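The block underneath contains the structure these notes are about, expressed in structure tokens.
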Amino acid sequence: MLDKKYNHHECEVHYENWLKNGYFECGKNKGKSFTIVIPPPNVTGKLHLGHALDTALQDVIIRFKRMQGFDTLWLPGMDHAAIATEIKVVEKLKEQGINKHDLGREKFLEQAFLWKDEYALNIREQWAKLGLSLDYRHERFTLDENLSKAVKTVFVKLYEEGLIYQGERIINWDPLQQTALSTEEVIYKDVESYFYHIKYPIVGSDKYLDVATTRPETMFGDTAVAVNPKDKRYQDLIGKKVILPIVNKEIPIIGDVHADPKKGTGCVKITPAHDPNDFEVGLRHNLEKIIVINKDGTMNENALQYQNMDRFACREKLVKDLEEMGYLLKKEPLVHSVGHSERSGVMIEPYLSKQWFVKMRPLADKVLENQKNKDTKVNFVPKRFEKIMNHWMEITYDWCISRQLWWGHRLPVWYKGDEIYVGMEEPKEDGWVQDEDVLDTWFSSALWPFATLGWPDISELYQKYFPTDVLVTGYDIIPFWVNRMTFQSLHFTNQRPFKYCLIHGLIRDKQGRKFSKSLGNGVDPMDVIDKYGADALRWYLTTSTTLGTDIRYDEEKVASTWNFINKIWNASRFVIMNLDNEAVNSDLTVSDKWILTRYEETIKNVTKFMERFEFQNVGSILYQFIWEDFCDSYIEMAKFSLDKKATLNTLQEVLNGILKMLHPFMPYVTETIYQELNHTKDSIMVSDYPVYDKKKIFNDSLEEVNNLLEFVSKIRTFKQENQIPKNYQINIDAKEKDLIIKMLKCQDNLVENNLEGKIITVKDLKAVIYYEKHESPKDLERKEKEREQLIASIKKRESLLSNQNFLNKAPKELIDNEKSKLEEEKRRLETY
RNA sequence: GGGCGUUUAGCUCAGUUGGUUAGAGCAUCUGCCUUACAAGCAGAGGGUCUGCGGUUCGAGUCCGUAAACGCCCACCA
């Protein structure tokens with residue numbers, strides 16, 4: 001027997017058992033395959049609410065499909081997360097007084113793997129707490145041998161196809177981590193700064209150019225000043241020279257369209273080694289590229305007396321010096337947006353550097369082409385997110401994939417003098433040195449959906465479970481991940497990586513702010529689980545909003561979900577308590593038929609919305625059906641036929657169905673109740689999902705009980721509003737009179753009286769209530785308000801029904817409905 | 001600069017392809033310890049659906065436009 005109150009701790013005991021029985025394993029069901037690969041969490045820390053949402057959604061889908069008989073595989077795994085993890089490990093070592101470079105690459109990687117093992121353990125523990133039905137036999141890590149093989153295969157192949165190349169370009173440099181980054185890893189933030197106007201004297205003249213810049217410290221690398229060839233102010237200066245202040249070097253004034261006459265003063269200093277646009281200008285005009293900043297963000301020898309100063313300190317000192325020397329014309333305050341490293345937070349330095357790139361255009365075009373084919377495209381849910389991917393594919397440019405880090409996939413590239421070798425294995429001959437760099441972490445995650453299934457080997461797993469069916473992730477990583485999986489998959493497997501891509505929103509705090517350490521508004525899902533249970537958290541997260549929109553986390557709602565579960569718990573207690581009653585064989589009562597009909601309708605709708613991934617709708621349908629129909633209406637009516645086998649069977653059948661439909665959302669409590677209800681050790685998670693059965697629809701009973709419930713409710717409202725005493729007199733004329741009397745807890749005790757009766761009707765149900773009238777002014781006021789509303793409604797309907805256009809164009813059903821409604825209202829008006 | 005999203009009850013959110021009186025939870029008010037559940041039951045109140053214009057017999061829903069808030073992308077000497 002169940003305890004009096006729901007206790008989530010006592011329900012969260014099934015995970016070991018599910019695991020032990022192999023229920024999570026693929027290959028158990030005979031049906032079609034259904035695959036989800038988990039977005040691998042970074043091994044950098046604890047899972048947050050976003051992970052809980054993301055994985056709960058996947059578990060809901062996979063448990064549903066499993067119960068429907070699909071051969072489901074939900075593949076778990078984790079991401080080494082190159083830079084993110086390396087930062088953490090470096091920090092940890094620093095606390096111990098150890099410097100990464102002193103330790104050396106090999107020892108550092110040992111430490112990183114220890115870190116990974118520790119965090120992987122944590123993550124698995126949290127997955128278990130969430131109740132996720134992952135097939136751990138196939139768990140993968142992005143640095144696993146088979147994934148490394150996939151990475152190398154892809155790198156080598158793309159290189160051979162000319163789609164990976166090495167080049168010297170301006171890249172985004174993180175001076176703290178001292179690595180290159182991709183454009184996606186740069187976040188632009190508004191920064192308060194100055195627009196410095198510097199005097200560049202013109203050679204052979206007493207005039208000067210007013211050159212405006214936000215980055216004066218890069219002036220040591222200036223190799224020209226550009227003006228627009230069409231700019232009348234400066235046209236005649238093209239070809240002349242200016243003197244670079246402090247450096248005292250002559251540099252040319254060039255004409256280039258890059259200089260925008262409308263911006264600043266119309267004169268731009270050209271620093272080809274420190275600005276992507278200037279780099280292009282430099283190429284056009286064959287300018288020298290002078291690097292003036294070191295990899296750590298300090299100034300190098302080209303900065304003369306400023307050498308070794310930090311770039312910001314140099315700026316400050318330099319501006320001061322320029323001012324003293326009379327070169328600073330103006331210093332305008334300016335707010336402009338500046339790139340920052342997504343991971344380390346420091347300002348990005350555009351930096352000339354030799355890196356490896358993926359040539360994106362041909363790969364992106366393939367995606368754009370494929371998205372036109374409705375049979376092979378990636379279907380986004382909600383649809384609008386497809387635009388984000390497509391837009392990215394349209395404007396994308398080459399992807400910088402080399403990182404100056406240690407933690408990650410090392411580039412399969414070897415050098416010997418000027419020779420380059422790219423291949424799966426190290427060249428046999430002596431003298432080859434492998435490239436020190438590792439790949440962007442997203443390079444390996446881009447292969448995740450197929451590499452985890454064994455690719456490049458055409459394994460059994462790959463053949464059976466690829467392409468995957470659904471990928472679930474947040475909109476924030478579409479550019480990083482979804483896009484890249486899509487083009488790599490199309491290029492290497494000729495298939496989309498997943499048929500559906502479910503995009504959910506981010507979880508924010510109650511005020512709509514992002515969770516962040518600095519705000520201290522973080523919520524640990526494990527604390528929530530401890531307080532309210534995994535079932536409550538999962539239900540709340542998956543049913544409380546529509547996909548694609550952000551969720552404002554609200555603990556009160558989790559608490560209210562706990563109440564819902566407690567309600568289910570108690571209803572189940574009631575059913576279980578009565579199941580062994582001595583009961584007689586009987587036909588179904590009208591209320592049995594009613595709930596069975598509602599139950600079938602619910603199965604139909606829930607299944608429909610589950611298949612469309614509209615969990616919000618599933619949630620409200622189940623909530624309403626369980627709380628209102630099953631608990632408040634049916635159980636209350638069933639209390640009067642607990643001696644009938646038909647009712648007991650109905651209670652059990654419907655409750656079983658409810659548990660099954662809830663199970664994907666609330667695995668623990670449904671398992672506990674299911675086993676108790678059916679006196680079994682069998683698991684609900686491998687039971688069959690309810691299937692809609694037309695034959696169990698009783699439309700007459702549905703209508704009859706709907707009317708009855710409305711009738712009872714009307715009488716209750718009337719009683720309450722008129723403060724009718726308990727021993728009131730009522731006369732009921734209805735088919736299910738006994739049931740109604742019991743529900744109203746009244747007696748049909750009409751005796752002679754001279755009171756005026758109040759008639760209440762719903763269809764053919766009729767009641768007359770006799771009571772002492774004592775209308776207060778407030779009552780009269782309300783009555784008058786109701787009367788006015790009724791008149792207004794009648795007026796509206798009459799005008800509608802006299803509108804010839806409406807009568808011609810509206811569907812007949814609606815017109816008839818309006819007519820009968822009007823008549824009813826007119827009748828009601830007479831009673832006022 | 002380009003694009004997207006949001007705007008509905010005090011709060012948080014639903015609202016399918018336009019069609020009865022726009023829904024839910026929480027909060028509020030009234031009455032109930034009715035033996036599954038007081039974390040509950042039975043009722044009630046609360047919305048000119050951001051503004052304006054249009055299409056339509058009919059608009060929260062479609063179109064146009066304005067505003068507020070948020071996000072993405074690009075640019076930013």
Side-chain angles (χ1 to χ4, degrees), chain A residues 2 4-6 183 188 190 195-196 211-215 218 225-226 258-260 263-271 275 277-278 281 334-339 382 384-385 387-388 391-392 394-395 475-476 478-479 505-506 508 510 512 543-546 548-554 556-557 559-578 608-609 612 614 616-617 619-620 623-624 627 631-632 635-636 639 712-713 716-721 723 726 745 782 789 793 796-797 800 803-811 813-815 817-818 820-821 825:
Chain A
L2 303 179
K4 194 164 177 196
K5 240 175 208 176
Y6 164 55
T183 48
Y188 284 85
D190 278 348
F195 210 17
Y196 302 94
V211 176
T213 179
T214 53
R215 305 218 42 206
T218 63
V225 171
H258 168 61
D260 182 346
K263 273 192 198 168
T265 57
C267 306
V268 202
K269 66 194 220 37
I270 301 299
T271 323
D275 182 282
N277 290 312
D278 293 5
V281 175
L334 173 80
V335 176
H336 67 148
S337 94
V338 179
R384 66 174 183 273
F385 290 103
K387 276 191 218 158
I388 293 181
H391 181 242
W392 188 90
E394 280 158 15
I395 62 154
Y475 59 73
D476 53 329
I478 293 173
L506 307 181
R508 297 168 179 280
K510 218 180 161 181
T543 66
S544 68
T545 45
T546 38
T549 50
D550 291 351
I551 297 176
R552 291 189 185 204
Y553 176 76
D554 185 353
E556 277 179 24
K557 287 198 177 186
S560 121
T561 303
W562 191 97
N563 289 357
F564 175 45
I565 299 175
N566 187 49
K567 186 76 186 176
I568 297 160
W569 182 265
N570 274 294
S572 305
R573 269 186 79 218
F574 175 82
V575 174
I576 292 165
M577 269 166 70
N578 286 290
K608 179 177 84 186
F609 288 123
R612 289 194 204 161
E614 292 180 26
Q616 154 99 38
N617 285 333
S620 52
Y623 190 95
Q624 198 254 332
W627 204 309
C631 294
D632 291 347
I635 285 183
E636 291 309 315
K639 280 178 180 172
V712 168
S713 175
R716 283 173 178 159
T717 305
F718 184 80
K719 271 176 58 191
Q720 166 101 0
E721 288 194 340
Q723 293 173 310
K726 275 187 177 171
K745 297 186 199 312
R782 184 186 305 157
Q789 280 173 351
S793 175
K796 205 175 142 194
R797 243 180 267 282
L800 188 64
N803 183 336
Q804 203 53 46
N805 277 321
F806 175 73
L807 295 175
N808 290 342
K809 294 184 184 176
E813 254 173 70
L814 189 71
I815 298 171
N817 208 334
E818 286 293 322
S820 66
K821 205 79 204 173
E825 281 176 353

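As the structure is a prediction and not an experimental result, all values here were calculated from the model.
Straight-line distance between the C1' atoms of C33(B) and G40(B): roughly 10 Å, to the nearest whole Å. Across C63(B) and A59(B), the matching C1' atoms stand 11 Å from one another, rounded to whole Å. Comparing A14(B) with C32(B), their P atoms sit 38 Å apart, to the nearest whole Å.
Among the heavy atoms of the strands lying under 4.0 Å from S544(A) are primed sugar atoms or P, OP1, OP2 only; no base atom is included. When heavy atoms are screened at a 4.0 angstrom cut-off, W569(A) is found touching no nucleic acid atom at all. The residue A226(A) sits apart from the nucleic acid: no heavy atom pair falls under 4.0 Å. In this structure, K5(A) reaches the bases: a heavy-atom distance under 4.0 Å links it to at least one base atom across the strands shown. Heavy atoms of T561(A) sit nowhere under 4.0 angstrom from any nucleic acid atom. Using a 4.0 Å heavy-atom cutoff across all strands shown, E636(A) reaches at least one base atom of the nucleic acid. Using a 4.0 Å heavy-atom cutoff across all strands shown, K745(A) reaches at least one base atom of the nucleic acid.
Side-chain nitrogen and oxygen atoms of W627(A) include at least one within less than 4.0 Å of the OP1 or OP2 phosphate oxygen of C41(B). Considering only side-chain N and O atoms, T549(A) lies under 4.0 angstrom from the phosphate OP1 or OP2 of A14(B). Between K387(A) and G5(B) there is no side-chain N or O to OP1 or OP2 distance below 4.0 Å. Taking side-chain N and O atoms only, R716(A) has no distance below 4.0 Å to OP1 or OP2 of A42(B). Here R384(A) does not reach the OP1 or OP2 of C4(B): none of its side-chain N or O atoms lies under 4.0 Å away. Of the side-chain N and O atoms in K4(A), one or more sit less than 4.0 angstrom from OP1 or OP2 of C37(B).
Judged by closest nucleotide on RNA chain B, S620(A) is the one of S620(A) and D260(A) placed further toward the 5' end.
Residue-to-nucleotide contacts include a donor-acceptor pair under 3.5 Å from the side chain of S337(A) to the base of C76(B). Side chain Q720(A) to base U30(B): a donor-acceptor pair is found below 3.5 Å. Donor-acceptor pairing under 3.5 Å, judged by distance alone, is absent between the side chain of K557(A) and the base of C26(B).
Across all strands shown, A9(B) forms no Watson-Crick or G-U wobble pair with both distances under 3.5 Å. Partner assigned to A59(B) is none, using Watson-Crick or G-U wobble distances below 3.5 angstrom.
Between K639(A) and E636(A) a salt bridge is recorded (basic side-chain N to carboxylate O distance below 4.0 Å).
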List, with names and distances, any nitrogen or oxygen atoms from the protein found under 3.5 Å away from nitrogen or oxygen atoms belonging to nucleotides 45-47 of chain B.
residue, atom, partner, partner atom, Å
G46(B), OP1, K785(A), NZ, 3.2

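Ring orientation note: the planes of Y623(A) and F564(A) are tilted relative to one another, at an angle of 30° to 60°.
Without hydrogens or angle criteria, D554(A) side chain to K510(A) main chain gives no donor-acceptor distance under 3.5 Å.
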